[in-house]
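What follows is a single structure, written as structure tokens, with notes after it.
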Amino acid sequence: MPSFTVYKGSKDGTITAATTSKPDLTGDQVLIKVTASGLCGTDVHYRNQSMALGHEGVGRVESLGPAVQHLSVGDRVGWGYEVNSCGLCSFCQSGRETFCSQREFYGTANFDQGSLASHAVWREAFLYKIPDDMSDEEAAPMMCGGATVFNALHMYAIPPTARIGVIGVGGLGHLAIQFAAKMGAEVVVFSGTDSKKEEAMKLGAKEFVAMKGKDKLDIKPIDTLLVTTSAQPDWSMYLPILAPEATIFPLSVAEGNLEVPYMPIILQGLRIQGSVVAPRYIHKRMLEFAARNGIKPMLNKFPLNESGIEDAFKALDEGKMRYRGVLIPEEK
């Protein structure tokens, strides 16, 4: 019976180590030794829950259940926000299992399993082989952050001729810039000040707009707008620069209501499109596309222990993470 350490949240937000165990592997279950874990903004929402934290996991296969067909011991694999679904509904059978009514997302099931851990047990069906050209540390943030921005562009067939606006140069935004640019789109970045302009242009942006002090924007219309900040934008600034039939993707996790002026949506035929993390076939394509095109997250590294996790959360809370936190075991 495998036994291993997981790092859990608590009511007061303190990170605690706990021992968890699983019965002998059954079906297509796989035991993975964690070699890297991303820290995602979504983790902040569960820090005050008594549950295993982390959902951007990468590791090496240590043992296999009897029904595993495609993985071998020693393979590098990753997992993300969704770890199971029914497999039988119309959404699962059409490659859209992220909308399955029985889906198992981080924070809603498997409370004793996380990527902030020494090991984890997941189904082979929801594991992804890591490309050879991608390190464990680089792959971890792609399991949710990369999958989130890539899915919006891929699932909803945003064309390479699009002019794509990205609000925010952060954990999601800096990946969105790279994916959109490598797909051939013209990328316009909106940020508070010019402090991130040089980075954004190096990542692939064609234009950069510093919003501080502006009361109006005068730029060529935007076809697709990716909102990667948790704070709601000032819609009075952005709606006038959207092309007719443009699509807005609110990609960050935020509480409260999305409040958008009513008439511009109608008069311009705008769409507000919800988009969750990628289903498996898109997730696999995301990893392949990122490896092929050299798309890499910018990383801050921390040790995978109580104090390292606390420090990573603090950097995230204080807005000092540039741009994705990755926790690495002291002994891989």
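Heavy atoms only: backbone and side chains are in, while hydrogens, waters and symmetry mates are out.
A tilted orientation is assigned to the rings of Trp122 and Trp79, their planes being inclined by 30° to 60°. By the 30° and 60° cut-offs, the orientation of the rings of Tyr81 relative to Phe105 is tilted. Ring pair Phe289/Phe150 is tilted by interplanar angle, where 30° to 60° counts as tilted. Under the 30°/60° scheme for interplanar angles, the aromatic rings of Phe249 and Tyr156 are found to be tilted.
If you chain together hydrophobic residues whose side chains sit under 4.5 Å apart, Val260 and Ile266 never meet in one group. One hydrophobic cluster holds both Met201 and Phe179 under the rule that ILVMFWY side chains link at heavy-atom gaps under 4.5 Å. In the hydrophobic clustering of this structure, Val188 does not group with Leu172; members are Ile, Leu, Val, Met, Phe, Trp, Tyr whose side-chain heavy atoms approach within less than 4.5 Å, directly or through other members. There is no path of hydrophobic side-chain contacts, each under 4.5 Å, that joins Leu239 to Val166. Criterion: ILVMFWY side-chain heavy atoms under 4.5 Å apart, direct or through other members. Under it, Leu226 and Val169 are part of a common hydrophobic cluster.
Under a cut-off of 6.0 angstrom, the local environment of CG in Asp132 is sparse, with at most 12 non-hydrogen atoms contributed by other residues, nucleotides or ligands. In this structure, Lys206 places its NZ atom where only 12 or fewer heavy-atom neighbours from other residues, nucleotides or ligands lie under 6.0 Å away. In this structure, Gln273 places its CD atom where more than 12 heavy-atom neighbours from other residues, nucleotides or ligands lie under 6.0 Å away. For Glu318, the CD atom sits in a packed shell: over 12 heavy atoms of surrounding residues, nucleotides or ligands are nearer than 6.0 Å.
Residues Glu138 and Lys296 are paired through a salt bridge, judged by an N-O separation under 4.0 Å between the basic side chain and the carboxylate. With salt bridges taken as basic N to acidic carboxylate O contacts below 4.0 Å, one links Arg60 and Asp136. Between Glu207 and Lys220, none of the side-chain N atoms (NZ, or NE/NH1/NH2) sits under 4.0 Å from a carboxylate O, so this pair counts as no salt bridge. At a threshold of 4.0 Å, the pair Lys33-Glu62 does not count as salt-bridged, since none of the basic side-chain nitrogens sits closer than that to a carboxylate oxygen. Glu288 and Lys284 are not joined by a salt bridge, as no carboxylate oxygen comes within less than 4.0 angstrom of a charged side-chain nitrogen.
The CD atom of Glu137 lies 11.0 Å from the CG atom of Leu327; values are rounded to the nearest 0.5 Å. Here Lys202 contributes atom NZ and Lys196 contributes atom NZ; the two are 15.5 Å apart, rounded to the nearest 0.5 Å. Note: Ile309 CD1 to Lys314 NZ = 16.0 Å, rounded to the nearest 0.5 Å. Atom-to-atom distance recorded for Ile222:CD1 and Thr247:OG1 is 12.5 Å, nearest 0.5 angstrom. Here NE2 of His45 is found 13.0 Å from CG of Leu53. Values are rounded to the nearest 0.5 Å. Atoms CE and CD, from Met142 and Glu56 in turn, are 10.0 Å apart once rounded to the nearest 0.5 Å.
With Ser118 contributing its side chain and Thr5 its backbone, the two residues share a donor-acceptor pair below 3.5 Å. With hydrogens and angles disregarded, a donor-acceptor distance shorter than 3.5 Å links the side chain of Asp28 to the backbone of Ala125. Arg47 places no side-chain N or O within 3.5 Å of a backbone atom of Lys8 that could act as its donor or acceptor partner. One N or O on the side chain of Ser252 and one on the backbone of Thr228 form a donor-acceptor pair closer than 3.5 Å. Remark: the backbone N or O of Arg280 is paired with a side-chain donor or acceptor of Glu97 at under 3.5 angstrom. Formation of a donor-acceptor pair under 3.5 Å by the Asp43 side chain with backbone atoms of Cys40 is found in this model. Side-chain N or O atoms of Arg322 include none that pairs as donor or acceptor with a backbone N or O of Gly170 at under 3.5 Å. Checked by atom type and distance alone, the side chain of Thr148 pairs as donor or acceptor with a backbone atom of Cys144 at under 3.5 Å. For the pair Glu124 (side chain) and His70 (backbone), a donor-acceptor distance under 3.5 Å is present. No donor-acceptor pair under 3.5 Å is formed between the side chain of Asp75 and the backbone N or O of Leu71.
Heavy-atom minimum distance, Met237 versus Leu217: O-CD1, 3.7 Å. Ala243 approaches Asp223 most closely through the heavy-atom pair CB-OD1, 3.7 Å. Closest approach of Glu245 and Leu270 over heavy atoms only: N-CD2, 4.2 Å. Shortest non-hydrogen contact noted between Ile177 and Ala200 is CG2-O, 4.0 Å. The two residues Val34 and Ser115 make their nearest non-hydrogen contact at CG1-O, 3.5 Å. Between Leu304 and Ala117, the shortest heavy-atom contact is CD2-O, 3.5 Å.
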Could you walk me through whether Ile130 and Met143 pass side chain to side chain contact (heavy atoms under 4.5 Å, CB included), step by step?
CA-CA 10 Å; Ile130 305 302; Met143 294 299 114; 3.9 Å; yes
Going through the distances and angles, do Tyr323 and Glu199 end up as a side chain to side chain donor-acceptor pair (under 3.5 Å)?
CA-CA 11 Å; Tyr323 287 108; Glu199 279 180 341; 2.4 Å; yes
Test His174 against Val189 for side chain to side chain contact (heavy atoms under 4.5 Å, CB included), laying out the working first.
CA-CA 10 Å; His174 89 289; Val189 173; over 6 Å; no
Residue pair Thr35, Ile328: steps toward the side chain to side chain contact (heavy atoms under 4.5 Å, CB included) verdict:
CA-CA 6 Å; Thr35 56; Ile328 303 166; over 6 Å; no
How far apart are the C-alpha atoms of Asn151 and Leu153, what are their side-chain angles, what is the distance that settles it, and do they pass the side chain to side chain contact (heavy atoms under 4.5 Å, CB included) test?
CA-CA 5 Å; Asn151 186 67; Leu153 299 170; over 6 Å; no
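Ring pair Phe190/Phe208: centre-to-centre distance not below 6.0 Å.
Taking 4.5 Å as the limit, some side-chain heavy atom of Leu258 sits within range of a side-chain heavy atom of Ile272. Side-chain atoms of Val6 and Leu116, non-hydrogen and from C-beta on, never get closer than 4.5 Å to each other. Side-chain atoms of Val276 and Phe99, non-hydrogen and from C-beta on, do get closer than 4.5 Å to each other. When side chains are defined from C-beta on, Asn110 does not count as touching Met51, because their heavy atoms never get closer than 4.5 Å. Annotation: side chain of Leu242 is not in contact with side chain of Gln268 (no heavy-atom distance under 4.5 Å). Annotation: side chain of Val61 is not in contact with side chain of Ser72 (no heavy-atom distance under 4.5 Å). Contact of the Leu39 side chain with the Asn300 side chain is not registered, since no non-hydrogen atoms from C-beta on lie closer than 4.5 Å. In this structure the side chain of Val77 reaches within 4.5 angstrom of the side chain of Ile32, judged on heavy atoms.
Paired with Leu25 under the rule side chain to side chain contact (heavy atoms under 4.5 Å, CB included), one option of Val30, Leu64, Val121 passes, and it is Val121.
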